[in-house]
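Encoded as structure tokens, the structure appears first; notes follow it.
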Amino acid sequence: MHSPVQPGSMIAGLGTAVPDRILTNFDLEKMVETSDQWIRERSGIERRHILGADENNSDLAAAAAKRALDEAGLKPEDVECIVLATITQEHPFPATACLVQAKLGATHAAAFDLSAACSGFLYALQLGDSLIRSAAYRNVLVIGSEALSRVTDWQNRSTCVLFGDGAGAAVLVPSDGKRGILSTYAKSDGRLAELLWIPAGGTARPASRETVDQRLHFIQMEGREVFKHAVRTMTDAVKKAVKLARLEFTDIDWLIPHQANIRIIEAIAERVHIPRERIVVNLQEYGNTSSASIPLAMDEARRDGRIQPGHKCLLVAFGGGFTWASSVVVL
Ligand code: UT7
């Protein structure tokens, strides 16, 4: 018999935000050579929410954060640290987290961005948990927020059908002993960076006429390779998180995976024998929202009553870098 893991931090509030504007597969049929049937069969996606011209990443992040803070019973000025996981920063610098801080009025917080692509929310959760455990801060606002529509190549059918915009936020505070983060796990493999990336716009290839003409400021992905690595590494990651939490898969109430492709999710679930009815899937509505996908799915399942207080949620993600990460959380 294993002794139970003592959680250091817990999620005291969750909140999400997505843009109102919806782009359906049928809309995409008018933009590129694709079909609703292909997109649904290959990915499971039916719609995605897309930012309006006058909205941006920090608006979504601040809206999600406000909801999470309200639920946690905290005021913006109570926030001590903001970790914003994003790969769609509004500017090379300053950090988008600082723009979110200003929009919230979180005047007493330290704020910075974290870049781990689709694994970003779980990387930020691991960091936030450690910051609470070490008593560096009494609360940490962890956000995953993306404006992927701004870096999507709307002329490339193999990527433009996949992504959407959205944000999710969680307020971490010291655990009350019942709720909490039971385990966190994160890994990377930078040798595979070029399989999923935006080639230009950084210091390696600053913006130039050529980089614009060659469409190098948009997401590029080797879909099939990414698919294979995603299944292998996320299968390994869920095993690691369950083991670190000193649990068995039968103890897990909900698998909440990164929402990139229904076939990836089913392949992982099959390998660890988690039945379909215990998996939270909402990619049909939002597409792949990168660092926002896990909090979006978690919040939805909590609000509709699937996740009940005390349920054990197994979170897992994979993204560019490559990065992958997992966590067991009692909500
Ligand atoms: O969030 C970060 C992690 N990202 C992921 O996890 C994504 C991982 N990859 C995937 O989800 C899948 O690889 C995709 C959904 C991107 C693609 O599915 P696939 O089954 O791997 O398709 P494929 O790339 O092998 O393409 C199959 C065919 C190709 O045609 P040919 O070469 O067989 O003639 C593509 O050109 O489908 C074609 N194709 C399309 N056809 C219609 C590619 N995109 C489209 C499209 N509509 N949108």
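Remember, it's 1-based here, ligands and their atoms both numbered in the order they're listed.
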Among all protein non-hydrogen atoms, which one is nearest to [atom], and what is the separation to 0.1 Å?
| atom | answer |
| --- | --- |
| atom 31 (P) of ligand 1 | Arg224 NH2, 4.9 Å |
| atom 2 (C) of ligand 1 | Cys118 SG, 3.3 Å |
| atom 43 (C) of ligand 1 | Trp38 CZ2, 3.5 Å |
| atom 14 (C) of ligand 1 | Asn261 ND2, 4.3 Å |
| atom 3 (C) of ligand 1 | Val226 CG1, 3.7 Å |
| atom 47 (N) of ligand 1 | Thr34 OG1, 2.7 Å |

- Message: Parallel, tilted or perpendicular, judged at 30° and 60°: which one describes the rings of His49 and Tyr286?
- Response: tilted
Answer yes or no: does atom [atom1] of [X] have more than 12 heavy-atom neighbours from other residues, nucleotides or ligands under 6.0 Å?
| X | atom1 | answer |
| --- | --- | --- |
| Lys187 | NZ | no |
| Arg179 | CZ | yes |
| Glu222 | CD | no |
| Asp20 | CG | no |
| Glu270 | CD | no |

Classify the contact between [X] and ligand 1 as side chain, backbone, both or neither, using a heavy-atom distance cut-off of under 4.0 Å.
| X | answer |
| --- | --- |
| Ile264 | side chain |
| Leu162 | side chain |
| Leu196 | side chain |

- Message: Given Arg42, Gln37, Arg157, identify the one with the heavy atom nearest to atom 27 (C) of ligand 1.
- Response: Arg42
- Nearest to atom 1 (O) of ligand 1 by heavy atom, Ile45, Asn288, Leu195: which? Asn288
Give the atoms of ligand 1, by number and element, whose distance to some non-hydrogen atom of [X] is under 4.0 Å.
| X | answer |
| --- | --- |
| Ala260 | 1 (O), 5 (C), 6 (O) |
| Phe318 | 2 (C) |
| Met221 | 4 (N), 7 (C), 16 (C) |
| Arg263 | 18 (O), 19 (P), 20 (O) |
| Val161 | 48 (N) |

- Message: Can you confirm whether some protein heavy atom lies under 4.0 Å from atom 34 (O) of ligand 1, or whether none does?
- Response: no
- atom 29 (C) of ligand 1 touched by protein heavy atom at under 4.0 Å: no
- Hey, is ligand 1 close enough to Ser43 that some N/O pair sits below 3.5 Å? no
- Message: Please report whether ligand 1 has a polar contact with Gly223, defined as an N or O pair separated by less than 3.5 Å (distance criterion only).
- Response: yes
- Would you mind reporting whether Thr88 and Phe163 have side-chain heavy atoms less than 4.5 Å apart? no
- Message: Contact between Lys103 and Asp59 at the side-chain level, heavy atoms closer than 4.5 Å - yes or no?
- Response: yes
- Task: Taking Asp113 for its side chain and Thr96 for its backbone only, find out whether a donor-acceptor pair lies under 3.5 Å.
- Result: yes
- Keeping the roles fixed (side chain from Arg48, backbone from Leu23), state whether a donor-acceptor pair exists under 3.5 Å. yes
- For Tyr123, the option from Ser188, Ser327, Ser115 that meets side chain to side chain contact (heavy atoms under 4.5 Å, CB included): Ser188
- Message: Asp236 vs Arg232, test: salt bridge (charged side-chain N to carboxylate O under 4.0 Å, His left out). Steps then yes/no.
- Response: CA-CA 6 Å; Asp236 178 58; Arg232 188 173 54 74; over 6 Å; no
